Amino acid sequence: MALNGMEIYKILPKKNCKECGFPTCLAFAMKLAQGGTQAEKCPYMSDEAKDKLAEATAPPMRTVTFGAGEKTYSLGGETVLFRHEKTFVNKPRFAVIFDDTESTDNVEKKINHINTVNYTRISEEMYVEIAAFRCSSQDKQKFISLIKKVTSECKKIVPMIITENPDIASAAAEEFAALGPIIYGANEQNYEAMVGIAKKHNLLLGVKAENQAKLYDLVQKIQNTDYKELLLDAGGRSLKTAFDNAVNIRRTALLSKDRTFGYPTAAFVCDMTQDKMMEIAMATLFIEKYASVIVLSDMDYSMALPLFAIRQNIYTDPQRPMRIEQGIYRIGQADEQSPLLVTVDFALTYFIVSGEVERSKVPSWILIPDAGGYSVLTAWASGKLNAKSIAKAIKDFEAESKLKTRELIIPGKVAVLKSDIEDELPGWKVIVGPREASSLTAFLKEYRQESAS
Amino acid sequence: MDYKKPSQKFTGKIREVTVGSGLKLGGESVLPFYTFDGDTGAKPAVGMEIWDVFPKSWPQSLKDIFGEYADDPVKWAKFCIEKYNPDFICIRFEGANPEGDDKSPEDCAKTAERLSREVSIPLMIAGCDSNEKNAKIFVKIAEALPDKNYVFLSAVEANYKEIGAACGMAYGNIVSAESSVDLNLAKQLNILITQLGVKPEKMVMNPGCAAVGYGFEYVVTTMDRIRLAALDQNDATLQLPIISPVSFETWKAKESIATEDDMPEWGDQEERGIAMEVSTAAGVLAAGSNAVILRHPKSVEIIRKFIDELL
Ligand code: B12
Ligand code: SF4
């Protein structure tokens with residue numbers, strides 16, 4: 001629980017020596033309670049008081065980590081319920097579930113999907129971060145050999161070891177400790193043993209109970225053993241209960257400021273439905289509100305395209321739109337005869353357009369004027385993208401010396417700018433391109449053929 | 001210490017608006033699907049999009065489903081209703097586009113009238129890309145279909161006067177106020193339309209929509225803020241149900257329209273299209289949408305079930 005200024009004052013040395021930079025201990029306490037200074041500024045505090053304070057002034061939701069080396073991920077650490085209040089910091093990670101009793105065909109299929117879904121979207125690499133292994137067989141060897149197979153074939157994944165049997169958990173943790181796995185399955189009965197395993201290897205521990213109240217009790221007990229690397233699961237495998245859990249665990253931490261629930265949660269979407277499209281709908285909900293590990297039955301492109309995209313959207317900093325530097329960009333071996341396209345400096349738009357131009361294999365130039373960091377229509381509607389800003393970019397970035405052609409391809413959505421630009425840039429001809437970048441490949445091929453003939 | 005479940009009680013409430021003769025939208029006094037906090041109001045509605053002209057530009061998988069019926073909006077609507085049972089039909093007058101078929105307002109009104117006569121569920125009337133033309137066709141359609149409580153999508157800053165006066169006032173239908181992903185713009189347009197004399201129970205809003213991955217974060221954040229202003233700050237100007245034309249956006253995205261030849265590694269095109277539609281719909285519903293417009297029957301089935309399971 002957070003302490004208020006008076007409560008903090010009570011545990012200070014009360015020397016009023018000013019060494020902390022405040023006139024009195026009380027003033028220091030008040031500032032500390034607001035988060036305006038750090039406890040370390042007082043050199044005379046007892047260790048016990050320091051611990052108490054560290055606890056009291058820590059953020060409401062703990063940041064925990066899992067994985068190893070380059071594949072280390074943070075979860076939690078959120079401070080707001082809505083992204084406009086500040087920003088969401090640690091995006092949820094996707095897991096694909098494997099069961100040690102499922103068919104080899106299924107396992108192969110999922111391995112193949114995990115290895116295929118690996119692409120870049122607006123400079124973020126998209127891939128499945130976790131493979132979740134459920135031990136249904138209760139056969140230690142069988143379980144471990146499945147994990148071995150998948151982790152050796154899918155190089156990027158971190159395993160999540162799901163079992164409530166401490167003996168199996170311990171063996172698996174031992175075997176895969178170097179990958180920094182998540183150990184999942186501490187419950188009311190086994191938590192002491194499970195905490196022991198997690199502590200030994202310093203692993204993130206999944207804690208599971210039947211409902212929120214029981215989970216709350218269990219987390220308190222685990223905290224009393226002094227282990228705080230936790231991932232929570234309040235049971236509930238219907239969408240309604242799971243949503244209730246995700247929202248209320250997060251609200252308990254951030255609104256009630258109760259750190260018993262100040263940990264990230266997992267949503268087992270794979271257990272809530274058999275339908276892939278329903279999984280997508282549910283996972284979307286949990287990306288917005290408020291799961292940190294989302295366990296799916298599989299991850300093919302139809303799932304990945306919307307889910308990684310919305311995750312990327314929701315976890316961008318709302319205060320900082322992603323912007324591309326203005327300039328003239330060369331795609332492929334573009335030369336003085338290559339097509340010149342104009343787009344905007346909004347990162348999303350630029351990456352979509354440049355991606356399509358690359359895919360067309362037609363070497364081209366892309367001109368980025370100052371468009372305020374907005375999408376094509378937003379920039380146009382706000383007056384940032386117009387004949388003047390485009391003409392200025394042509395001059396500033398010396399398009400006329402880089403190119404012999406005097407043709408400029410503009411986005412179809414701003415076809416209305418054609419004659420204005422031609423007025424602004426004597427000697428230039430404006431070609432109206434397609435409305436969507438997805439038609440650019442066909443368009444550019446045809447355009448090149450026409451120019452050649 | 002025992003667990004105390006938190007809750008967020010608000011003083012504000014979203015206005016309940018009746019579309020057609022009995023489809024209720026809104027009425028909630030809590031955040032979307034927060035059944036644990038209080039009254040979630042009417043169930044969000046799921047509608048299907050049809051066009052007044054044959055949808056040549058739609059992906060083949062959709063034409064395989066609707067193609068046989070899509071040369072006539074009445075046949076098309078009936079097929080959707082009998083087979084997929086949507087809460088409403090949204091007819092989009094793409095054929096009115098001045099850069100396309102440029103159908104006259106009278107033509108459009110005839111189509112709408114015929115549809116209304118033959119179809120028993122509520123209608124939403126959407127226009128084409130031209131605000132100017134939309135004002136003209138909406139006025140005619142509203143005149144032909146007075147007091148039906150149909151929703152007209154949408155009135156924007158450039159045409160709200162004509163549309164508000166005709167649809168919302170003279171002919172007793174419902175005006176949807178459309179703004180561009182900004183709380184203040186939404187608020188301002190709602191106020192302007194109310195000042196014209198349109199009653200709030202004859203209004204809904206569309207504060208902007210986008211497909212997941214395409215500026216969708218702005219849509220979610222704008223909707224979050226609008227809902228919090230309506231519920232927490234009791235801002236009456238924002239207490240209107242929200243309609244999200246999801247299909248208008250998602251079926252333009254590359255993920256939905258790239259064929260398997262274009263993108264071999266992406267796999268089945270139809271699945272990708274449904275996936276984009278389903279994800280976007282779930283995403284806006286979780287941010288406060290009271291009705292979504294969809295194209296693919298599978299999306300309708302999934303989203304309906306998604307809503308039912310959450311409420
Ligand atoms: C997110 C968003 C915003 C965000 C801005 C995000 C950003 N950085 O741009 C915010 C909330 C800030 C915003 C603000 C505004 N917005 Co805005 N916004 C949107 C929204 C929802 C999505 C835009 C987006 O990200 N699209 C995705 C990108 C990738 O699309 P794109 O840039 O067009 O690129 C595609 C194509 O154009 C093409 N392409 C791109 N470059 C090129 C180049 C060539 C050569 C070719 C061939 C093709 C091509 O490829 C891309 C993929 O197909 C749209 C509605 C919508 N659903 O589209 C409205 C929208 C663009 N906004 C609009 C408006 C009016 C505004 C405001 C002016 C509102 C106002 N009055 O204040 C403000 C302006 C900003 C300001 N304060 O000055 C209108 C524009 C209306 C119009 N037709 O002119 C829209 C269409 C909403 C609407 N229906 O009313 N907006
Ligand atoms: S340094 Fe410590 S003891 Fe000295 S005034 Fe500050 S709080 Fe008090």
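By convention in this document, chain letters (A, B, ...) are assigned in the order of the sequence lines, proteins followed by strands, and residues within each chain are numbered from 1. Note that the structure is a prediction, hence the values are computed from the model and not measured.
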Step through the shown structure and confirm whether more than 12 heavy atoms of other residues, nucleotides or ligands are within 6.0 Å of NZ on B/K9. yes
Chain B interface, residue from A/L239, A/I280, A/L255 that has the most non-hydrogen pairs under 4.5 Å: A/L239
So which part of B/I257 gets closer than 4.5 Å to some heavy atom of chain A, the side chain, the backbone, both or neither? side chain
Spell out, as yes or no, whether a donor-acceptor pair under 3.5 Å connects the side chain of B/R272 to the backbone of B/A258. yes
Side-chain ion pair, A/E356 and A/R359, N-O less than 4.0 Å: yes
Please flag which part of B/A287 lies under 4.5 Å from any non-hydrogen atom of chain A: side chain, backbone, both or neither. both
Among the listed options B/E301, B/Q269, B/Q8, the residue most often paired with chain A at heavy-atom distances under 4.5 Å: B/Q8
Report which part of B/K298 has an atom under 4.5 Å of a heavy atom belonging to chain A: side chain, backbone, both, or neither. side chain
cation_pi(A/R250, A/F261) dist<6.0 Å, angle<=45: no
Which atoms of B/L311 approach chain A - backbone, side chain, both or neither, heavy atom under 4.5 Å: backbone
At a 4.5 Å cut-off on heavy atoms, which part of B/T35 comes close to chain A: side chain, backbone, both, or neither? side chain
Around A/K86, counting heavy atoms of other residues, nucleotides and ligands shown, do more than 12 lie under 6.0 Å from its NZ? no
So what's closer than 4.5 Å to chain B heavy atoms on A/K276: side chain, backbone, both or neither? side chain
Taking atom CD of B/E309 as the centre, report whether more than 12 heavy atoms of other residues, nucleotides or ligands fall under 6.0 Å from it. yes
Of the backbone (N, CA, C, O) and the side chain (C-beta and beyond), which part of B/D37 lies under 4.5 Å from a heavy atom of chain A, both, or neither? side chain
Report the C-alpha separation of A/F346 and A/Y374 in whole Å, then their side-chain angles, then the decisive distance to 0.1 Å, and conclude whether the ring-ring contact (aromatic ring centres under 6.0 Å, His included) test is met. CA-CA 5 Å; A/F346 181 34; A/Y374 291 132; 8.0 Å; no
Set out, in order, the CA-CA distance, both residues' side-chain angles and the distance that settles salt bridge (charged side-chain N to carboxylate O under 4.0 Å, His left out) for B/D182 and B/K187, then state yes or no. CA-CA 9 Å; B/D182 182 281; B/K187 189 174 160 76; over 6 Å; no
B/K252, part contacting chain A, at a heavy-atom distance under 4.5 Å: both
Can you check side chain to side chain contact (heavy atoms under 4.5 Å, CB included) on A/M278 and B/V278, steps first, answer last? CA-CA 8 Å; A/M278 186 56 109; B/V278 157; over 6 Å; no
Derivation and outcome, ring-ring contact (aromatic ring centres under 6.0 Å, His included), residues A/Y127 and A/F94: CA-CA 8 Å; A/Y127 58 91; A/F94 295 118; over 10 Å; no
With chain B, the option among A/R435, A/M272, A/K240 that has the most non-hydrogen atom pairs under 4.5 Å is A/K240
Proximity breakdown for B/E277 and chain A, heavy-atom pairs closer than 4.5 Å: neither
Under 4.5 Å heavy-atom distance to chain B, tell me which part of A/R311 shows up: side chain, backbone, both or neither. neither
Is it the backbone or the side chain of A/F308 that comes under 4.5 Å from a heavy atom of chain B, or both, or neither? neither
Pick whichever of B/D224, B/T280, B/L285 has the most heavy-atom pairs under 4.5 Å with chain A. B/D224
So, the part of A/S439 with a heavy atom under 4.5 Å from chain B: the answer is neither
Please classify the contact of B/D308 with chain A as side chain, backbone, both or neither, using a heavy-atom distance under 4.5 Å. neither
